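Data block below; observations after.
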Amino acid sequence: MTNSQNKENIFDEILSKCNIIDVVSHYVKLQKKGRNYEGLCPFHDDKNLGNFNVSEEKQIFKCFSCGESGNALSFVKKIENCSWIEAAKKICQICSIIMPELENKNYVKTNPEVEKSLNILDDVNSFYSLCLFQTDEGKIALDYLHNRGLDDSIIRHFSIGYALNDGNKIISLLTKEKGYSLKELDTAGIIDLKNSYLKDRNAGRITFAIKNSDNRVCGFSCRIFGDIKSNSKYINTNSTIVFNKSNILYNFYEASMNARKVGKIYIVEGFMDVIACYRAGVKNVVGLMGTAFTKEHLRLIKSINAEILLCLDLDQPGQNNEFKISNILDANDLNYHFVNNKVDFKYKDCDEIINFLGSDYLLSYLKNLVDKKIWIINYFDNTFDMTIYENKEKLVNFFIPILAKTDKQIMFEDIVQSLSEKTGFSKDAIKNTILEKVNKYKTKISLEQQNQQKNDAINEDINRYFEDKENIYEEKEEKVNKYSRTRLYNSEKMLLTFALNYSEAYKYLKINRAMFVNDSFQQLFNYFDECINTKKLFPDKETFLNFIKDKSIKNKEDLINIANIIYENKLYDDFNESIIIELIDSIKNEREVLKSIENQKELLKNENGFDDSVLLLSYAAFKRKEIEGEEKKRRKVWLKDKKN
């Protein structure tokens with residue numbers, strides 16, 4: 001039995017042992033509707049309950065809006081953006097399925113360079129831990145950590161270590177004893193080969209291991225301590241093939257497991273805040289590590305399917321970042337609350353709170369949650385003198401965009417009541433002011449939406465020249481032909497027709513290294529070239545189609561259908577060099593036109609916000625005419641030279 005067959009059998013076994021309802025409900029809130037379950041689709045911005053259906057009977061899911069469908073395995077692969085093996089492991093974890101075969105490395109395709117870097121970082125982390133606990137130099141760092149309230153069990157749990165000030169010892173250990181090359185250490189981010197003096201980048205610092213979603217060390221954040229002087233309090237591992245701070249949440253692996261149990265996940269600023277929460281017994285906490293909240297962070301948080309609790313620093317930057325995150329969560333219709341920002345202490349984060357006020361106080365702080373309305377009012381109260389009329393008016397105006405986007409009367413009345421209590425303005429005065437400004441705001445938004453719809457329609461007309469790189473052609477010819485209205489498509493189609501029917505055309509394209517924009521056309525040409533090299537002859541239609549049929553490719557049927565259409569598209573009885581040149585020129589022209597259109601779009605967009613779509617289309621027509629005129633001149637010269 002082949003390795004591929006083994007995999008399929010294991011996947012089938014996992015699918016037979018798991019229940020798709022258990023798997024999907026791990027990520028999506030489902031409710032029973034008749035024989036099936038429904039929820040909001042996680043693969044697009046879904047607002048309509050009922051689009052996304054899961055059948056327990058058939059063990060499949062389907063979104064009738066975006067079209068995503070499949071079984072439990074394909075669902076996890078899609079939502080986690082991982083390999084089939086990783087998806088299988090995840091299902092086993094969710095459904096408590098024991099499959100020792102999945103630990104067999106023969107099943108897992110890994111990038112050798114990635115695995116090498118992760119192994120290096122594991123060894124480095126072990127060395128840092130050894131240095132912290134077993135060297136005189138490390139003892140100073142250990143005392144510092146103890147004074148910060150971290151005992152040995154916490155230090156070991158979070159893989160905290162110390163990098164010796166002599167940055168050469170670890171390089172010697174890794175190269176001479178472990179057999180790693182300097183280039184591999186550079187790839188892992190431990191040294192910088194561009195620096196003439198090679199040493200550990202983290203030398204002389206306390207090291208905090210950062211782990212990926214598989215709980216493997218992928219980088220470090222390293223802190224100065226004591227009397228050491230440095231321009232940077234912290235330094236992080238540079239972006240590598242295994243580490244990108246914008247794609248990682250500190251403590252995600254452990255926090256996600258605990259968050260799924262309790263249904264809540266805290267987001268804090270840094271890793272010391274995560275550790276502070278852990279010391280207080282709160283283990284469902286992740287840290288941003290000082291970066292902005294990214295799309296990848298959002299994907300990770302959404303995958304937990306838990307209520308989000310925002311608890312960033314209480315200083316101005318932290319509060320500003322918290323508000324930005326809340327807007328992102330609103331846009332994705334996610335359930336969240338804020339940890340109350342109205343406090344009676346001066347400390348700015350969880351680490352300071354536990355160190356100065358104790359774990360009980362921190363627990364009380366973390367449990368005091370408020371909604372966005374209260375958080376905003378508190379923010380103004382903390383930031384401005386709310387006895388001043390202008391600041392009261394500023395607070396009322398701040399809610400205009402929020403209220404303009406909701407039709408919920410209860411929310412409206414609730415906010416008006418809270419604003420009245422805070423500002424002292426009467427409810428009627430606030431209501432009238434808000435309604436007047438909300439209507440103006442909605443009118444403005446409506447006009448912007450109309451303009452956007454107009455621009456979208458024009459852009460769709462312009463962008464019809466582009467082929468969707470990820471599109472896989474349907475089997476039916478009429479669906480393939482829906483793209484034939486574009487010049488680029490037609491020219492490439494005819495050019496490929498010549499190549500598949502005439503050896504002279506094929507050789508001409510090979511010599512001139514012609515490339516197709518359309519992925520399917522390029523794929524067919526590549527296989528045609530491979531067929532010639534394999535068969536040692538110029539194949540006819542039947543030979544070429546049989547050659548494709550023998551290929552193990554996903555879109556085999558699509559390519560065969562397209563090839564049939566191409567062969568049926570034969571319009572000329574013989575090879576015609578001038579037409580080939582004309583087609584190549586036409587393709588080149590269209591590419592130039594498209595490039596010019598995009599450049600002009602940017603110019604118009606950046607010109608005081610001006611975006612005149614009619615002018616853009618006129619420009620496109622003018623540019624095409626200009627380029628075609630130049631090509632006609634060149635062609636006349638070519639024909640004249642040909643005759644001579």
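Please read these numbers as outputs of a predicted model, since none were measured by experiment. Only this structure's heavy atoms are used, side chains among them; waters, hydrogens and symmetry mates stay out.
A 6.0 Å sphere centred on NZ of Lys78 holds no more than 12 heavy atoms belonging to other residues, nucleotides or ligands. Within a 6.0 Å radius of NZ in Lys29, no more than 12 heavy atoms belonging to other residues, nucleotides or ligands are found. For Lys169, the NZ atom sits in a loose shell: 12 or fewer heavy atoms of surrounding residues, nucleotides or ligands are nearer than 6.0 Å. Within a 6.0 Å sphere centred on NZ of Lys283, other residues, nucleotides and ligands contribute 12 heavy atoms or fewer.
A donor-acceptor pair is defined here as one N or O able to donate and one able to accept, closer than 3.5 Å; such a pair exists between the side chain of Thr187 and the backbone of Lys183. Between the side chain of Gln134 and the main chain of Leu130, no donor-acceptor pair closer than 3.5 Å is present. Distance alone, capped at 3.5 Å, is enough to place a donor-acceptor pair between the Thr175 side chain and the Ile171 backbone. Put simply, the side chain of Asn335 never gets that close to the backbone of Ile308: no donor and acceptor are under 3.5 Å apart. Of the possible polar contacts, none joining the Asp122 side chain to the Asn125 backbone as a donor-acceptor pair under 3.5 Å is found. Between the Asn305 side chain and the Ser25 main chain, a donor and an acceptor come within less than 3.5 Å of each other. No side-chain donor-acceptor contact under 3.5 Å links Arg279 to the backbone of Val274. No donor-acceptor pair under 3.5 Å is formed between the side chain of Glu269 and the backbone N or O of Leu312. Side chain of His297 to backbone of Thr294: a donor-acceptor contact under 3.5 angstrom is found.
Side-chain contact, Lys245 with Thr291: no donor N or O sits under 3.5 Å from an acceptor N or O. With hydrogens and angles left out, the side-chain atoms of Asn355 and Asp351 include a donor and acceptor closer than 3.5 Å. Counting only N and O atoms by type, the side chains of Asn165 and Arg205 include no donor and acceptor under 3.5 Å apart. A donor atom on one side chain and an acceptor atom on the other are not found under 3.5 Å apart for Asn340 and Tyr365. For the residue pair Gln523/Asp519, the side-chain donor-acceptor check at 3.5 Å is not satisfied.
Between Ile248 and Lys211 there is no side-chain heavy-atom pair separated by less than 4.5 Å. A 4.5 Å side-chain heavy-atom check between Phe293 and Lys324 finds every atom pair outside the cut-off.
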Checking Tyr162 against Phe127 for the ring pair (Phe, Tyr, Trp, His ring centres under 6.0 Å) test, could you report, in this order, the C-alpha distance in whole Å, the side-chain angles of both residues, the deciding distance, and whether it holds? CA-CA 8 Å; Tyr162 174 71; Phe127 183 73; over 10 Å; no
Step by step, work out the side-chain contact (heavy atoms from CB on, under 4.5 Å) result for Phe225 and Ile140. CA-CA 9 Å; Phe225 65 99; Ile140 301 171; 3.8 Å; yes
Quick one, Tyr379 with Asn320, criterion side-chain hydrogen bond (donor to acceptor under 3.5 Å, both in side chains). Give me CA distance, side-chain angles, the key distance, then yes/no. CA-CA 10 Å; Tyr379 174 82; Asn320 291 344; 3.1 Å; yes
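Relative orientation of the Tyr361 and Phe345 rings is perpendicular, given thresholds of 30° and 60° on the angle between their planes. Using a 30° and 60° split on the angle between ring planes, Phe158 and Tyr278 fall in the perpendicular class, above 60°. The aromatic rings of Phe323 and Phe398 sit tilted relative to each other, their planes meeting at an angle between 30° and 60°. A tilted orientation is assigned to the rings of Phe384 and Phe380, their planes being inclined by 30° to 60°.
Screening Asn202, Asp123, Thr207 against Tyr128 for a side chain to side chain donor-acceptor pair (under 3.5 Å) leaves a single residue, Asn202.
The cationic group of Arg216 does not satisfy the cation-pi geometry with Tyr253, failing either the under 6.0 Å distance to the six-membered ring centre or the 45° limit from the ring axis.
Closest non-hydrogen pair, Ser129 versus Arg156, comes out as OG-NH1, 4.3 Å.
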